[in-house]
Amino acid sequence: KQEVTQIPAALSVPEGENLVLNCSFTDSAIYNLQWFRQDPGKGLTSLLLIQSSQREQTSGRLNASLDKSSGRSTLYIAASQPGDSATYLCAANNAGNMLTFGGGTRLMVKP
Amino acid sequence: SAVISQKPSRDICQRGTSLTIQCQVDSQVTMMFWYRQQPGQSLTLIATANQGSEATYESGFVIDKFPISRPNLTFSTLTVSNMSPEDSSIYLCSVVGLAAIKQENEQFFGPGTRLTVL
């Protein structure tokens with residue numbers, strides 16, 4: 001059974017800092033890994049999807065990497081802004097598009 | 001991406017009653033799912049909503065408690081039956097297989113339904 005862990009659970013940084021969010025998974029037989037953002041009381045917004053054959057994906061200030069062999073993915077946020085404050089979730093897709101989610105990292109970017 | 005809507009957005013219900021949540025997508029999708037997010041927790045998959053047939057439930061979830069319908073490729077409902085305070089959660093639908101999306105297995109979520117059971 002897939003298990004997904006995210007570290008740290010919470011993070012507070014000053015504006016402008018570059019930061020890395022970590023995601024680890026126990027079963028490396030994934031089809032893809034997806035990163036989401038969730039604002040308080042809201043649904044999930046898809047940020048990046050990395051297919052199992054890919055090493056990284058980039059969108060604006062976001063870069064996600066995937067190392068299947070070690071069971072790890074990282075989300076890199078460059079030049080953080082207060083508007084980046086949210087909970088970031090990673091989810092592993094092992095089969096049938098059924099996602100297993102990590103516990104999330106709650107990010108606070110202070111002005 | 002497509003527009004995914006859920007109704008109601010929130011509700012407060014009495015113990016023992018049932019609530020049906022609707023999920024509507026503005027274009028046809030391959031797959032639809034229902035997730036639960038309990039307070040302070042991450043998301044857990046309840047079931048895959050299959051078009052024209054019975055849903056496929058994950059361990060710990062049963063059809064009598066969470067009946068699901070999916071009559072076509074754009075619509076699904078989840079009913080939370082005989083509710084108790086432990087059912088207080090956010091319920092989210094998600095979709096995969098949007099024709100306009102380059103990565104066909106990218107998953108998109110609705111805004112969620114916040115349910116409180118008294």
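In what follows, chains carry the letters A, B, and so on, assigned in the order in which the sequence lines appear, proteins first and then strands, with residues in each chain numbered from 1. FYI, side chains are in, hydrogens and waters are out, and symmetry mates aren't considered; it's all heavy atoms of this structure.
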- Under 4.5 Å side-chain linkage, directly or through intermediates, the cluster mates of B/Ile12: B/Leu118
- Would you please name every residue forming a side chain to side chain contact (heavy atoms under 4.5 Å, CB included) with B/Glu86, sequence neighbours left out? B/Ser84
- Tell me, which pairs form a disulfide bond (SG atoms under 2.5 Å apart) where one or both residues lie in residues 20-111 of chain A, sequence neighbours left out? A/Cys23-A/Cys90
- Message: Please report the interatomic distance CG(B/Asp87) to CG(B/Leu115), rounded to the nearest 0.5 Å.
- Response: 7.0 Å
Chain A against chain B: donor-acceptor pairs under 3.5 Å:
from	atom 1	to	atom 2	distance (Å)
B/Tyr35	OH	A/Leu99	N	3.2
B/Gln37	OE1	A/Gln38	NE2	2.9
B/Gln37	NE2	A/Gln38	OE1	3.0
B/Ser42	OG	A/Gly102	O	2.5
B/Gln103	OE1	A/Gln51	NE2	3.1
B/Asn105	OD1	A/Gln51	NE2	3.0
B/Asn105	ND2	A/Gln51	OE1	3.4
B/Glu106	OE2	A/Ser46	OG	2.6
B/Gln107	N	A/Gln34	OE1	3.2
B/Gln107	O	A/Gln34	NE2	2.8
B/Gln107	NE2	A/Asn97	O	2.9
B/Pro111	O	A/Gly43	N	3.3

- Let me know if A/Leu44 has heavy atoms under 4.5 Å from chain B in its side chain, its backbone, both or neither. both
- Query: Hey, what do you get for CD1 (B/Ile21) to CD1 (B/Ile68), rounding to the nearest 0.5 Å?
  - Reply: 10.0 Å
- Under 4.5 Å from any heavy atom of chain A - which part of B/Leu43: both
- Task: Look at the aromatic rings of A/Phe36 and A/Phe101 and report parallel, tilted or perpendicular, splitting at 30° and 60°.
- Result: tilted
- Tell me, with the steps shown, if B/Thr77 and B/Thr20 meet side-chain hydrogen bond (donor to acceptor under 3.5 Å, both in side chains). CA-CA 7 Å; B/Thr77 66; B/Thr20 295; 5.9 Å; no
